[in-house]
Amino acid sequence: MLDIRLVRENPDLVRARLATRGNGAEAAVDEVLELDRQRRAKIQEVERLKSARNTISREIGVRKSRKEAADDLLTGMREKSDLIARLDAEVAAVDGQLEQILLRTPNLPHARCPAGASAADNPEVGRYGSPAAFEFKPLDHVALAERLGLADFAAAAKISGSGFLVFTGAGARLERALINFLLDLHTREHGFTEVNTPFVVRAAAMQGTGQLPKFHEDMYRVEGEDLFLVPTAEVPVTNLYREELLTVSDLPVYHAAYTPCFRREAGSAGRETRGMTRVHQFDKIELVKIVEPATSYDELEKLRRNAERALELLGLHYRTIELCAGDLGFGAAKCYDVEVWAPGTGAYLEVSSCSNCEDFQARRMNLRYKNAEQKNVFCHTLNGSGTALPRLFIALTETYQQADGNIKLPEVLRPYFGDTIIK
RNA sequence: GGACGGGUGGCAGAGCGGUUUAAUGUACCUGACUCGAAAUCAGGCGUUGGGGCAACUCAACCGUGGGUUCAAAUCCCACCCCGUCCGCCA
């Protein structure tokens with residue numbers, strides 16, 4: 001949620017930054033300014049009345065305590081209170097409208113966020129290794145999974161419909177190994193504290209991290225209950241701190257969490273969704289940081305490096321791109337995507353998305369800390385997938401396929417998988 | 001699911017219709033004492049919103065939302081959460 005004061009005091013800046021997203025979000029500025037004017041005018045009116053009422057009520061109290069009559073003061077008070085109630089309702093209505101607009105307005109892209117309209121304009125900012133070379137024509141993960149019995153796409157469709165996965169045998173074991181490998185890496189070597197949260201959360205939590213109201217149609221929900229299936233662990237993990245007041249010594253907070261992620265992704269099908277690349281339920285390790293504003297961009301660079309390192313340890317070729325303003329997510333001010341190379345599929349697949357939301361989420365969640373000057377300040381929140389697992393699975397199996405039809409996994413996975421050969 | 005008890009400032013905890021501007025403790029900040037610290041003493045210290053160049057001032061906030069009343073932390077209703085007991089259950 002944007003700072004209403006920033007919009008009020010610096011509307012041109014807000015308009016200009018929102019405009020870089022190229023989706024017309026800046027139109028909200030004028031609506032916000034107008035509602036803000038109305039709101040303040042009504043507040044002044046109703047607060048004058050309340051002040052008068054309070055004065056008289058106090059006097060009534062004083063007289064009653066002295067056993068004196070106060071009938072003359074009581075006349076007209078009923079009407080005064082009714083008027084106040086009516087004006088309060090008007091203020092609440094304007095407040096509600098203002099909140100709805102602010103909740104649907106995206107974050108301001110960072111001043112140095114690259115210009116651009118779409119994914120095609122995202123500059124590459126980092127790269128590791130090079131595409132694996134093969135003496136044979138590499139298979140894609142769907143063919144590999146069928147040949148080695150790693151997954152059963154037909155069975156998944158039968159029990160849950162298209163867009164779901166059933167891992168089988170060595171495939172199921174590899175999925176489990178990757179979860180443990182990533183959690184161990186981030187907790188033992190990168191300083192994150194593991195948390196294991198519920199996979200369903202209330203609407204208030206979804207609103208805190210910005211999934212609601214905007215992405216209501218993209219989420220699964222439990223019928224008859226105020227519960228949504230989490231689309232990312234970012235939601236439950238960040239919301240652990242909703243409505244909290246931290247102290248400077250609590251920061252920075254680093255959390256790593258495993259959850260499955262549930263996304264309806266309604267309407268898409270085709271090459272982009274073949275096999276495991278885009279599914280309704282997938283496993284993910286998420287990294288969340290809550291930090292002081294002064295350090296948040298350094299923390300973002302570290303977060304990106306943590307995500308990249310996982311791929312480096314696995315020996316996978318990747319490139320890192322910075323999202324241009326037109327491709328930036330709703331809550332992000334700056335974002336890096338780490339894309340791993342999948343040789344059989346012949347594409348770079350996004351596995352990590354590391355965002356700095358600055359105080360955008362913290363304002364929604366009323367997440368603050370008491371800084372060194374004893375002031376309560378909104379924290380900055382960062383989140384990054386410390387890797388979406390099916391796509392990592394794709395890259396691993398496609399990269400490490402052998403001429404003999406087997407897969408030879410990197411040694412670093414041996415303690416987790418128990419072996420390195422899948423045949 | 002049922003019965004009872006409870007939810008008050010960062011934390012603990014009193015208040016249970018009108019001198020509450022929410023007591024007190026603790027934490028925190030400033031100062032004194034000290035070589036320094038601890039202890040002690042003195043002072044300060046909630047959040048949000050409105051107005052004001054400012055000093056300051058006004059309003060709202062006691063789990064959430066309604067209601068009663070001239071007036072609600074306090075009374076009533078609903079819901080959420082926590083505790084204790086009972087029932088059900090893998």
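Chain letters run A, B, ... following the sequence lines, proteins first, then strands; residues in each count from 1.
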Self-check item: Residues in ring pair (Phe, Tyr, Trp, His ring centres under 6.0 Å) contact with A/H380, at least two apart in sequence or another chain
Solution: none
Practice problem: Mind checking ring pair (Phe, Tyr, Trp, His ring centres under 6.0 Å) for A/F262 and listing every partner two or more places apart, or none if nothing turns up? | Solution: none
Rounding to an integer number of Å, can you tell me how far [X] [atom1] sits from [N] [atom2]?
X: A/K50; N: B/G51; atom1: NZ; atom2: C1'; result: 15 Å
X: A/R242; N: B/G63; atom1: CZ; atom2: P; result: 17 Å
X: A/K42; N: B/C58; atom1: NZ; atom2: P; result: 24 Å
X: A/E244; N: B/C11; atom1: CD; atom2: P; result: 8 Å
X: A/L49; N: B/A60; atom1: CG; atom2: P; result: 12 Å
X: A/D88; N: B/G66; atom1: CG; atom2: P; result: 10 Å

Using atom [atom1] in both nucleotides, what's the gap between [N] and [M] to the nearest angstrom?
N: B/C77; M: B/U68; atom1: C1'; answer: 11 Å
N: B/A72; M: B/A22; atom1: C1'; answer: 14 Å
N: B/G13; M: B/G46; atom1: C1'; answer: 16 Å
N: B/A73; M: B/C16; atom1: P; answer: 14 Å
N: B/C82; M: B/U30; atom1: P; answer: 39 Å
N: B/C45; M: B/G9; atom1: C1'; answer: 11 Å
N: B/U21; M: B/G15; atom1: C1'; answer: 15 Å
N: B/G87; M: B/A14; atom1: P; answer: 32 Å

Practice problem: On RNA chain B, check which nucleotide each of A/R58 and A/L245 is closest to and give me the residue with the more 5' one. | Solution: A/L245
Self-check item: Non-neighbouring partners of A/S160 that pass side chain to side chain contact (heavy atoms under 4.5 Å, CB included), sequence neighbours left out
Solution: A/F164
Quiz item: Taking only residues two or more places apart in sequence or in another chain, which ones pass side chain to side chain contact (heavy atoms under 4.5 Å, CB included) with A/S57?
Solution: A/R53, A/M77
Quiz item: Which letter, B, S or -, goes with each nucleotide of nucleotides 69-81 of chain B from 5' to 3', with contact meaning a protein heavy atom under 4.0 Å?
Solution: SBS--------SS
Under 3.5 Å, which donor-acceptor pairs do the side chains of residues 144-159 of chain A form with other protein atoms, sequence neighbours left out?
| residue | atom | partner | partner atom | Å |
| --- | --- | --- | --- | --- |
| A/R147 | NH2 | A/G405 | O | 2.9 |
| A/D152 | OD1 | A/A154 | N | 3.2 |
| A/D152 | OD1 | A/A155 | N | 2.9 |

Practice problem: List in chain and number order the residues that pass side chain to side chain donor-acceptor pair (under 3.5 Å) with A/E411, two or more places apart in sequence or in another chain; answer none if no residue qualifies. | Solution: A/R414
Quiz prompt | Any residue meeting side chain to side chain donor-acceptor pair (under 3.5 Å) with A/E194, in chain and number order, not counting sequence neighbours | solution = none
Quiz prompt | Base-paired stems that RNA chain B participates in, counting runs of 3 or more Watson-Crick or G-U pairs under 3.5 Å | solution = B:1-7 with B:80-86, B:10-12 with B:24-26, B:28-32 with B:40-44, B:46-51 with B:56-61, B:63-67 with B:75-79
Exercise. Would you please confirm or rule out a distance under 4.0 Å between OP1 or OP2 of B/G18 and any side-chain N or O of A/N54?
Key: no
Quiz item: Under 30°, 30 to 60°, or over 60°: which ring-plane class applies to A/H186 and A/H190, parallel, tilted or perpendicular?
Solution: tilted
N/O-N/O pairs, protein side and nucleotides 45-49 of chain B side, under 3.5 Å:
| residue | atom | partner | partner atom | Å |
| --- | --- | --- | --- | --- |
| B/U47 | O3' | A/R368 | NH1 | 2.9 |
| B/U48 | OP1 | A/R368 | NH1 | 2.8 |
| B/G49 | OP2 | A/R5 | NH2 | 3.3 |
| B/G49 | O2' | A/R39 | NH2 | 3.2 |
| B/G49 | N2 | A/E47 | OE1 | 3.1 |
| B/G49 | N2 | A/E47 | OE2 | 3.4 |

Self-check item: Ring centers of A/F330, A/F360 separated by less than 6.0 Å
Solution: yes
Quiz prompt | Ring centroid separation A/F167 to A/F393 under 6.0 Å | solution = yes
Self-check item: Partner residues of A/D283 under the salt bridge (Lys or Arg N to Asp or Glu O under 4.0 Å) criterion, sequence neighbours left out
Solution: none
Which atom pairs, donor and acceptor, lie under 3.5 Å between side-chain atoms of residues 201-212 of chain A and protein residues at least two apart or in another chain?
| residue | atom | partner | partner atom | Å |
| --- | --- | --- | --- | --- |
| A/T209 | OG1 | A/A205 | O | 3.2 |
| A/T209 | OG1 | A/Q211 | OE1 | 2.7 |

